Amino acid sequence: MKHPKVSDCVDVFDSLWPPALAESWDSVGLSVGDPAAEVRAILLALDPMDAVIAEAVVLDADLVFTHHPLMLKPVKSVNASTLKGGAVHTLISNDIALFNAHTNADSARGGVSDVLISLLGITDADPLVTHTQPIPATPRSAVVRDSSAAEAGRPTGIGRVGDLDRPTPVRDIARTLAEALPRTTTGVRIAGDPAATVTRVAVCGGAGDSLFDDVRASGAEVFITADLRHHPATEARDTANRHDGSPQLIDVSHWASETVWLETAARELDAEFAARGFTVALQHSAINTDPWVERY
C-alpha cells in the first residue's frame with residue numbers, strides 16, 4: 001500500500017461526488033494545495049473555519065476535506081491579515097491542502113440529503129429537484145458504496161422525497177430527528193400542526209427555503225430543512241392553509257443536518273482509497289462549527 005498524492009485524492013473525491021453535479025453558482029474542488037504533494041492523513045469537517053485549520057496543523061494532517069467551501073464568493077486579496085487570506089496562508093505554510101464537495105455532495109446518491117432522510121428509515125428516496133442534463137461519467141473503481149440509497153443509474157439532484165412505512169405524526173418525526181441528530185442550541189422546531197399525520201416526506205440538508213414550490217409539487221406532507229427564515233416560513237404556511245394544509249415544516253440546525261453525512265463520506269472514502277491501493281488515515285474533526293452556543 002502507498003500514500004496517495006493530492007491529485008490522487010482529488011480523483012477519489014471526484015469519483016464519489018462528481019463536480020458536474022454541483023450547482024452553477026457553487027465553488028467545489030481543490031482550493032489550496034500542491035497536486036504532487038503526498039497525503040498521509042486527511043481531516044474531515046463541515047466548515048473550513050480557523051479552528052478546524054488549526055486542528056489540522058496540530059494533527060499533522062496533509063489535507064482538509066470539507067463540505068462547505070472556503071471561498072464561495074470571489075475574493076480580491078489573500079492578504080494574510082484578511083479572514084480568507086489568513087486561512088490560505090496558514091494552510092500553505094503548513095503544507096496542508098484544502099478540498100470541498102458542496103452541492104455535488106448534496107446531489108450525489110448517498111449524499112447529504114440521502115443520509116438525512118435515512119434517519120427516518122427511508123432508503124429509497126428520489127431527488128426533490130432532479131438534474132435534467134446527463135452527468136458525464138467519472139472513472140472509478142468497482143467499489144460497492146455502502147449508502148443504502150446509492151444505486152447505479154438512479155437520478156441525482158438536490159433534496160430528497162420519499163414515503164414512510166406508515167403514517168406518522170409530525171411531532172414524532174421531529175422527536176426522531178432530535179434523537180438522531182447531534183444536539184444543538186437551536187434544536188428541532190415545527191411550523192404547522194404537530195399532530196398532523198403524514199406519510200410523504202421531503203428533506204433538504206442545509207438551507208432549503210428556496211424549494212417550497214418543488215416540495216409542493218412532490219406531494220410531500222412535511223418538509224425538513226434548516227435555516228428557515230420568518231417570511232419564507234410564514235408564507236409557506238399561509239400557502240399550505242389555502243390548500244390541504246401541507247407541507248408541515250420541521251426546521252433543524254444547518255450544521256446538524258449536514259454533519260451526519262461525514263460518517264458516510266468517511267466510509268466511502270476508506271473503501272475507495274483501499275480499492276485503489278492507497279493507505280491514508282481519515283479523521284473526523286472534533287470541532288463543533290455550529291455557530292450557536294447558548295440560548296435563554
Side-chain angles (χ1 to χ4, degrees), residues 23-26 46-47 67-68 72-73 102-103 106-107 112-117 119-120 122 125-130 157-164 167-261 289-296:
E23 298 295 298
S24 60
W25 50 264
D26 202 6
L46 197 69
D47 301 289
H67 180 47
H68 294 137
L72 179 59
K73 297 180 180 179
H102 192 207
T103 52
D106 292 327
S107 293
V112 174
S113 288
D114 269 323
V115 172
L116 180 59
I117 203 168
L119 300 179
L120 303 176
I122 299 174
D126 293 314
L128 188 57
V129 182
T130 303
I158 295 294
R160 292 293 182 266
V161 60
D163 298 311
L164 298 167
T168 305
V170 172
R171 64 164 51 94
D172 288 357
I173 295 174
R175 287 168 177 162
T176 296
L177 291 170
E179 293 175 359
L181 292 171
R183 186 169 296 276
T184 61
T185 300
T186 50
V188 177
R189 306 182 296 180
I190 295 172
D193 181 4
T197 300
V198 301
T199 302
R200 193 156 179 78
V201 178
V203 308
C204 179
D209 64 9
S210 65
L211 301 177
F212 282 125
D213 287 343
D214 302 290
V215 172
R216 286 186 281 266
S218 75
E221 299 159 295
V222 62
F223 181 38
I224 301 162
T225 191
D227 292 347
L228 283 179
R229 297 169 294 160
H230 176 84
H231 295 297
T234 54
E235 290 176 5
R237 287 305 307 149
D238 266 354
T239 302
N241 289 332
R242 290 188 178 191
H243 296 87
D244 63 354
S246 295
Q248 315 298 328
L249 307 177
I250 296 179
D251 178 75
V252 299
S253 155
H254 190 129
W255 172 81
S257 74
E258 295 180 328
T259 197
V260 289
W261 166 71
T289 56
D290 185 0
W292 311 111
V293 297
E294 199 165 319
R295 66 186 298 173
Y296 297 94

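Count residues from 1 along the sequence. The structure displayed is predicted, hence computed values, not measured ones.
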Do you know the tightest heavy-atom contact between [X] and [Y]?
X: A220; Y: A202; value: CB-CB, 3.6 Å
X: V198; Y: I173; value: CG2-CD1, 3.5 Å
X: F223; Y: P247; value: N-CB, 4.1 Å
X: L211; Y: C204; value: CD1-SG, 3.7 Å
X: G162; Y: I117; value: N-CD1, 3.9 Å
X: D209; Y: L228; value: CB-CD2, 3.8 Å

Please report the interatomic distance [atom1]([X]) to [atom2]([Y]), rounded to the nearest 0.5 Å.
X: T197; Y: L164; atom1: OG1; atom2: CG; value: 11.0 Å
X: D114; Y: D126; atom1: CG; atom2: CG; value: 9.5 Å
X: D163; Y: T199; atom1: CG; atom2: OG1; value: 7.0 Å
X: D193; Y: L249; atom1: CG; atom2: CG; value: 12.0 Å
X: H68; Y: D26; atom1: NE2; atom2: CG; value: 9.5 Å
X: I250; Y: R175; atom1: CD1; atom2: CZ; value: 11.5 Å

Beyond-backbone contact of [X] with [Y], side-chain heavy atoms, under 4.5 angstrom:
X: R171; Y: I190; answer: yes
X: T176; Y: L119; answer: no
X: E23; Y: I158; answer: yes

Quiz item: What pairs meet the ring-ring contact (aromatic ring centres under 6.0 Å, His included) rule with one or both residues in residues 172-207, with sequence neighbours excluded?
Solution: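 Not a single pair qualifies under ring-ring contact (aromatic ring centres under 6.0 Å, His included).
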
Exercise. Would you list the pairs meeting ring-ring contact (aromatic ring centres under 6.0 Å, His included) in which at least one residue belongs to residues 190-210, sequence neighbours left out?
Key: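 For residues 190-210: none.
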
Tell me whether [X] contacts the main-chain N or O of [Y] through its side chain, where contact means a donor paired with an acceptor under 3.5 Å.
X: T185; Y: W292; answer: yes
X: T184; Y: S253; answer: no
X: T259; Y: A256; answer: no
X: S107; Y: T103; answer: yes
X: Q248; Y: V222; answer: no
X: S113; Y: G205; answer: yes

Quiz prompt | Residues forming a salt bridge (charged side-chain N to carboxylate O under 4.0 Å, His left out) with R237, sequence neighbours excluded | solution =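 So R237 forms no salt bridge (charged side-chain N to carboxylate O under 4.0 Å, His left out) with any residue.
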
Self-check item: side-chain hydrogen bond (donor to acceptor under 3.5 Å, both in side chains) contacts in which one or both residues fall within residues 214-225, not counting sequence neighbours
Solution: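 Every side-chain hydrogen bond (donor to acceptor under 3.5 Å, both in side chains) pair that includes a residue of residues 214-225, provided the two are not neighbours, is D213-R216.
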
Practice problem: Please report the C-alpha distance between L177 and L120 in whole Å, then the side-chain angles of each, then the deciding distance to 0.1 Å, and finally whether the side-chain contact (heavy atoms from CB on, under 4.5 Å) criterion is met. | Solution: CA-CA 8 Å; L177 291 170; L120 303 176; 4.0 Å; yes

Quiz prompt | Residues forming a ring pair (Phe, Tyr, Trp, His ring centres under 6.0 Å) with H67, sequence neighbours excluded | solution =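 Applying ring pair (Phe, Tyr, Trp, His ring centres under 6.0 Å) to H67 gives H102, W261.
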
Exercise. Would you mind listing every salt bridge (charged side-chain N to carboxylate O under 4.0 Å, His left out) that reaches into residues 238-261, with sequence neighbours excluded?
Key: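 Applying salt bridge (charged side-chain N to carboxylate O under 4.0 Å, His left out) to every pair that reaches into residues 238-261, excluding sequence neighbours, yields R189-D251.
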
Quiz prompt | For H254, the option from D290, D227, T186 that meets side chain to side chain donor-acceptor pair (under 3.5 Å) | solution =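 The single option meeting the side chain to side chain donor-acceptor pair (under 3.5 Å) with H254 is D227.
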
